[in-house]
Amino acid sequence: MQPPASPVPPGPPASAASAADLAALLARLTALLLKSSGEGAHLIGGTVARTARAYGAEATVLLVPEAAVVTVTAADGTSRTVTVRGFPEVFRLDRDAALKPLLTEVGRGEVDLPEADRRLRAIEGAPPPYPWWLKLIGIVLFALGFAPLMQATWYEVGTTAVLGTLTAALAVAADRFRGLALVLPLTVSVAVSVVTIELFAGTPAHGGPVLLMLPALFYFVPGDYLSAASAELAAGLITTGAIRLVYAAFLLIQLYVGVLLGVLITGTSTRTLFDVTAESDLPRWALFLGWIVFTLGTVLAFAIPLRMFWPLLLLVYLTVAVQSLVTKAIGETGGTFFAAVALGAAATVIGRRPDRPPALILMLPGFFTLTVGSLGMRGLTTLAGGHVVAGFTDLLKLVTIVTAIAVGLVTGAALGGRRDEGV
């Protein structure tokens, strides 16, 4: 997946700009793009270069996931180099939605440099589009919509309502307390693990404890980072992809350690971390409506403008339909690959127009339905429980599915007509 950028080719230069002024604008732009690059950073360089060309200059970017070195050469031959930092995430996608039309107008030569800088500052400093309580509801809905993918049971849904609320409360609190934010994945996984074991995992008839925990932890499971890392490696960005892969593994291990700490705190044997699925009792209509709940939760939890709900829901159903149909024909790996191809192609085609959501936003909910990150958690916790064969089977499936998703998204974007230099 990729950060947002205008699909419109650059028009004539909006105005000649000094290297210093343009470097300041591009530094701010690069920082915003880095902050939204939790789904991949491999198109940032093309976006920054096209913006520079719109002002009669040239720019090159040396990129790693959390930083970039931008060198700008103005029309008069003067140059300036700036270093930019931006922690990669996907939690404020309202900025991406606002950035795309601005970059479109800049590319067309319709916005001069001072106005572009003013609008970029406004995007950068804009408050979240939803109050804290709507974000909390969004995270709960996000978990509830995901729950039937783990176990299609009413017990799973009810458990997720409680555990998702606990997760959401901690996530919202972390927005106000920086210290909590630094250890949030570990804190959430410990809390969810303790509550699950003490209150909900009393009998194997309800499924394994990890399957009960996962929907509530899904907001933090780094499946998007894992697939973005694979896509960057496939695109030849070895350093960026390798660093992101290590970071994704670190996040996954944090969640895993938190679950183990919860087991130790409750005095429970790690042998209880079995991976058994309860018998399904959810009707089909509940599964169908679950995707609506999931998409609405994604919109609220990740600060996506509400007007984008319907195209996102369409892509979620497209992804689920392709994955289900192809999986029945040729198996899970093939189903996941072709679902990723369909998602990547559709998001690229829909996002090509300047008035449509960026490809990153279009892909995100559909991507989450492929559930790659949960395999890593299940594999690690199953290994910790002493179930070696089952644990390694999940981890092997994780590697296979991550690769299938990454290659599928790249293939779909290529089929949709995406150019290498930008979306």
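The model shown is predicted, which means the values in this text are computed figures rather than measured ones. Atom set for the values below is all heavy atoms of this structure, side chains included, hydrogens, waters and symmetry mates excluded.
Two residues are said to be in side-chain contact when any heavy atoms from C-beta on lie closer than 4.5 Å; Thr333 and Phe337 fail this criterion. With a 4.5 Å cut-off on side-chain heavy atoms, Val259 and Leu217 count as touching. At least one side-chain heavy atom of Tyr247 sits under 4.5 Å from a side-chain heavy atom of Leu251. With a 4.5 Å cut-off on side-chain heavy atoms, Pro148 and Glu156 do not count as touching. Looking at Val82 and Thr30, their side chains never come closer than 4.5 Å, going by heavy atoms from C-beta outward. A heavy-atom distance below 4.5 Å is not found between the side chains of Tyr130 and Ile137.
The minimum heavy-atom distance between Ala161 and Val140, with the atom names listed, is O-CG1, 4.5 Å. Residue Ala143 comes nearest to Gly164 through the heavy atom pair CB-CA, 4.5 Å, listed as atom of the first residue, atom of the second, then distance. The minimum heavy-atom distance between Pro215 and Phe146, with the atom names listed, is CA-CD2, 3.6 Å. Taking every heavy atom of both residues into account, Ala116 and Tyr55 meet most closely at CB-OH, 3.3 Å. Between Ala347 and Leu362, the closest heavy-atom pair is O-CD1, 3.4 Å. The minimum heavy-atom distance between Val322 and Ala342, with the atom names listed, is CG2-CB, 4.0 Å.
Partners of Ala49 under the side-chain contact (heavy atoms from CB on, under 4.5 Å) rule, at least two apart in sequence or in another chain, are Arg53. Contacts of Arg28 classified as salt bridge (Lys or Arg N to Asp or Glu O under 4.0 Å), with partners at least two apart in sequence or in another chain: Asp117, Glu124. A search for side-chain contact (heavy atoms from CB on, under 4.5 Å) contacts involving Leu325 returns nothing, not counting sequence neighbours. Residues satisfying the side chain to side chain donor-acceptor pair (under 3.5 Å) test with Thr268, not counting sequence neighbours, are Thr266. Every residue meeting the side-chain contact (heavy atoms from CB on, under 4.5 Å) condition with Arg119, not counting sequence neighbours, appears here in chain and number order: Leu102, Glu105, Val111, Glu115. In this structure, the side-chain contact (heavy atoms from CB on, under 4.5 Å) partners of Ala67, at least two apart in sequence or on a different chain, are Val64, Arg85.
To the nearest 0.5 Å, atom CD1 of residue Ile350 and atom CD1 of residue Ile361 are 13.0 Å apart. The line from CG of Leu260 to OG of Ser189 is 9.0 Å long, rounded to the nearest 0.5 Å. Atoms CG and NZ, from Asp96 and Lys35 in turn, are 11.5 Å apart once rounded to the nearest 0.5 Å. Annotation: the span from Leu136 atom CG to Leu170 atom CG amounts to 10.0 Å, rounded to 0.5 Å. For the atom pair CG of Leu25 and CZ of Arg121, the computed distance is 9.5 Å after rounding to the nearest 0.5 Å. Rounded to the nearest 0.5 Å, atoms OG1 (Thr295) and CG (Leu314) are 10.0 Å apart.
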Leu199 and Val162: CA distance, side-chain angles, deciding distance, side chain to side chain contact (heavy atoms under 4.5 Å, CB included) verdict: CA-CA 10 Å; Leu199 299 182; Val162 177; 5.7 Å; no
Could you walk me through whether Leu212 and Gln151 pass side chain to side chain contact (heavy atoms under 4.5 Å, CB included), step by step? CA-CA 8 Å; Leu212 296 172; Gln151 298 186 117; 3.7 Å; yes
Could you walk me through whether Ile197 and Ile265 pass side chain to side chain contact (heavy atoms under 4.5 Å, CB included), step by step? CA-CA 10 Å; Ile197 292 171; Ile265 289 170; over 6 Å; no
Is there a side chain to side chain contact (heavy atoms under 4.5 Å, CB included) between Tyr219 and Val188? Walk through the geometry before answering. CA-CA 10 Å; Tyr219 186 67; Val188 168; over 6 Å; no
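Between the side chain of Arg118 and the backbone N or O of Pro114 there is no donor-acceptor pair closer than 3.5 Å. When atom types are taken as modelled, the side chain of Lys100 and the backbone of Ala359 share no donor-acceptor pair closer than 3.5 angstrom. Not a single donor-acceptor pair under 3.5 Å links the side chain of Gln323 to the backbone N or O of Ala339. Judged by distance alone, the side chain of Thr369 and the main-chain N or O of Gly366 form a donor-acceptor pair under 3.5 Å.
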Atom pairs and distances, side-chain donor-acceptor, residues 302-313, under 3.5 Å, sequence neighbours left out:
none

Return a table of donor-acceptor pairs under 3.5 angstrom between the side chains of residues 174-186 and protein atoms on other chains or two or more places apart.
from	atom 1	to	atom 2	distance (Å)
Asp175	OD1	Lys135	NZ	3.3
Asp175	OD2	Lys135	NZ	2.8

Which side-chain N or O atoms in residues 279-294 pair as donor and acceptor under 3.5 Å with protein atoms at least two apart or in another chain?
from	atom 1	to	atom 2	distance (Å)
Ser280	OG	Ala152	O	3.0
Asp281	OD1	Trp154	N	2.9

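The ring pair (Phe, Tyr, Trp, His ring centres under 6.0 Å) contacts involving residues 195-217 comprise Tyr155-His206, where partners must be two or more places apart or lie in separate chains. Residues in residues 159-168 take part in no side-chain hydrogen bond (donor to acceptor under 3.5 Å, both in side chains) pair, two or more places apart or across chains.
Partner Leu99 forms a side chain to side chain contact (heavy atoms under 4.5 Å, CB included) with one of Thr47, Thr104, Leu33 and no other, that one being Leu33.
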